[in-house]
Amino acid sequence: MDVLWKNCLDLIEQKILPENFNTWFTPVYPCAKNENTLTLVVPNRFFERCLRENYLELIHETLEHIADKKLEVCFQVNGNASKAETHSNGNGAHPGNGSTAKGNGHVEPVAEPAAPRVEVGDPANRESFLNPKYAFNSFVIGPNNQFAHAACQAVAQNPAHNYNPLFLYGAVGLGKTHLLHAIGNQITAHNPNLRVRYISAERFTVDLIESIKRDKMAQFRERYRPLDVLLVDDIQFIAGKERTQEEFFYTFNSLYEYHKQIVVSSDRYPKDMKNIEERLRSRFESGLIADIMPPDLETKMAILYKKADLHEKNISQDVAMFLANNIKSNIRELEGVLLRVIAYASFTRRNIDMTLAKEVLKDFTVDKNKNFSIANIQKTVAQYFHIKVSDLKSKKRSRDISIPRQIAMYICREYTQASLPEIGKHFGGKDHTTVIFSHRKISGIVKENSELNGSIQQVLNILES
Ligand SMILES: Nc1ncnc2c1ncn2[C@@H]1O[C@H](COP(=O)(O)OP(=O)(O)OP(=O)(O)O)[C@@H](O)[C@H]1O
């Protein structure tokens with residue numbers, strides 16, 4: 001590779017987020033250079049536009065810094081050399097949110113590029129339903145979602161190659177929808193001609209019902225079967241809906257046969273999905289299943305910083321830690337609490353500090369703690385596992401009863417102030433050592449068994465909501 005460009009990349013890599021570097025600079029390479037001009041090859045025109053709007057200034061400044069003179073930058077669209085459109089940079093006066101040069105030649109980090117926009121005028125993408133807000137660069141990666149994030153990026157970089165279908169699993173509000181849109185947005189940015197569509201399973205169902213009602217099934221199929229990438233959110237919604245499952249099955253098969261990418265998200269593992277046809281379940285299991293677990297404290301704090309940043313607000317470490325500690329798992333809820341804090345600060349014209357955060361969270365935590373009574377925990381666990389509360393209090397030892405019982409004891413121990421004997425008493429007069437044993441056992445299992453961990457999160461979400 002040209003040394004000038006390589007040095008330029010080395011500097012740029014230090015100044016922007018790694019995911020932005022990978023997205024916007026890895027696919028670019030130089031193809032020609034003369035005394036005053038460097039020509040860069042980009043994958044397509046859409047990519048070129050994004051690069052110009054967001055990074056051209058940074059490229060200019062970095063090149064000038066290295067070469068000690070101003071260089072013109074031209075772009076050539078990959079694979080289109082004969083018709084290659086090259087643009088001179090003119091005065092470099094692009095209104096994008098690029099970097100700002102300081103007098104000393106130092107370049108400040110650029111703001112993240114605006115999330116790729118779906119071309120409204122482009123018939124291929126007209127109905128993609130992608131939300132540009134949800135991009136990879138606004139997604140915080142932590143140990144809880146690293147695998148799912150990597151799988152989604154792999155799919156976005158190479159649709160229908162390795163992981164097809166991709167099945168994203170995670171409890172409520174942990175970022176599944178965000179990742180689905182991020183896949184679609186990245187694919188659209190890199191391959192504007194691909195037909196990408198995001199749809200919730202609920203909307204798919206409504207669309208189907210309307211199409212049947214109006215005798216427009218041919219048009220319905222036309223909307224889905226020619227797609228290159230289909231992203232279906234909350235697939236658990238089609239459970240128990242026979243006709244929707246049948247139509248989805250045919251849509252799935254048709255796309256799969258033609259090597260088109262399918263990504264689905266669900267709040268349950270395929271094998272835990274009730275009232276889903278076996279043929280669908282086995283198709284979901286045939287690809288890659290990637291789970292998103294609840295975030296740890298550090299990831300929650302990083303998400304808070306990122307979201308606060310999006311609102312152009314700063315929050316201190318103690319406020320971030322306080323909020324993160326008070327919201328156990330659901331990131332949507334975490335975001336909601338942050339918004340409340342920001343709004344409250346703005347209405348009362350106060351700074352965001354611990355006093356204010358505590359005031360805002362006071363009612364919220366009181367409400368929430370009410371749900372975490374032993375009786376409510378038992379009721380919720382019993383409902384979730386389809387057993388009776390009396391089973392939890394019984395001496396029955398079968399696995400379908402003993403595991404929920406241990407989970408209920410674990411939640412009581414973790415989330416209530418009740419003493420060990422008190423908890424034991426509520427479970428049919430069990431000894432406090434049984435509670436200790438159950439707590440230890442479930443604490444160990446949650447670290448290794450992501451499926452069980454997912455069930456516990458679901459129960460916690462129900463209790464928290
Ligand atoms: N890792 C993350 N980084 C940044 N934001 C996140 C992350 N995870 C979740 N969020 C944010 O949390 C909110 C809820 O996420 P999302 O809607 O994707 O959850 P979900 O798993 O699809 O939930 P549901 O099961 O209810 O559909 C969104 O605003 C999303 O941007």
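We number each residue from 1, following the sequence as shown. Treat the numbers as computed from the prediction; the structure is a model and nothing was measured. We count ligands from 1, going down the list as the structure has it; atoms in each ligand are counted the same way.
Relative to the six-membered ring of Phe237, Lys241 meets both conditions, a distance below 6.0 Å and an angle of at most 45° to the axis.
Residues passing the ring-ring contact (aromatic ring centres under 6.0 Å, His included) test with Phe385: none are found, sequence neighbours excluded. Not a single side chain to side chain donor-acceptor pair (under 3.5 Å) links Arg268 to another residue, sequence neighbours left out.
Considering every non-hydrogen atom in both Tyr55 and Trp24, the closest pair reads CE1-CD1, 3.5 Å.
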Practice problem: Show the numbers, then the answer: is there a side-chain hydrogen bond (donor to acceptor under 3.5 Å, both in side chains) between Glu414 and His439? | Solution: CA-CA 8 Å; Glu414 286 278 317; His439 182 262; 2.9 Å; yes

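Around ligand 1, the residues contributing at least one heavy atom under 4.0 Å from the ligand are Tyr134, Ser138, Phe139, Val140, Asn145, Ala171, Val172, Gly173, Leu174, Gly175, Lys176, Thr177, His178, Asp234, Ile303, Lys307, Ile331, Arg332, Glu335.
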Which side-chain N or O atoms in residues 199-209 pair as donor and acceptor under 3.5 Å with protein atoms at least two apart or in another chain?
{"unit_1": "Ser200", "atom_1": "OG", "unit_2": "Arg203", "atom_2": "N", "d": "3.1"}
{"unit_1": "Thr205", "atom_1": "OG1", "unit_2": "Ala201", "atom_2": "O", "d": "2.7"}
{"unit_1": "Asp207", "atom_1": "OD1", "unit_2": "Arg223", "atom_2": "NH2", "d": "2.9"}
{"unit_1": "Asp207", "atom_1": "OD2", "unit_2": "Arg223", "atom_2": "NE", "d": "3.2"}
{"unit_1": "Asp207", "atom_1": "OD2", "unit_2": "Tyr224", "atom_2": "OH", "d": "2.7"}

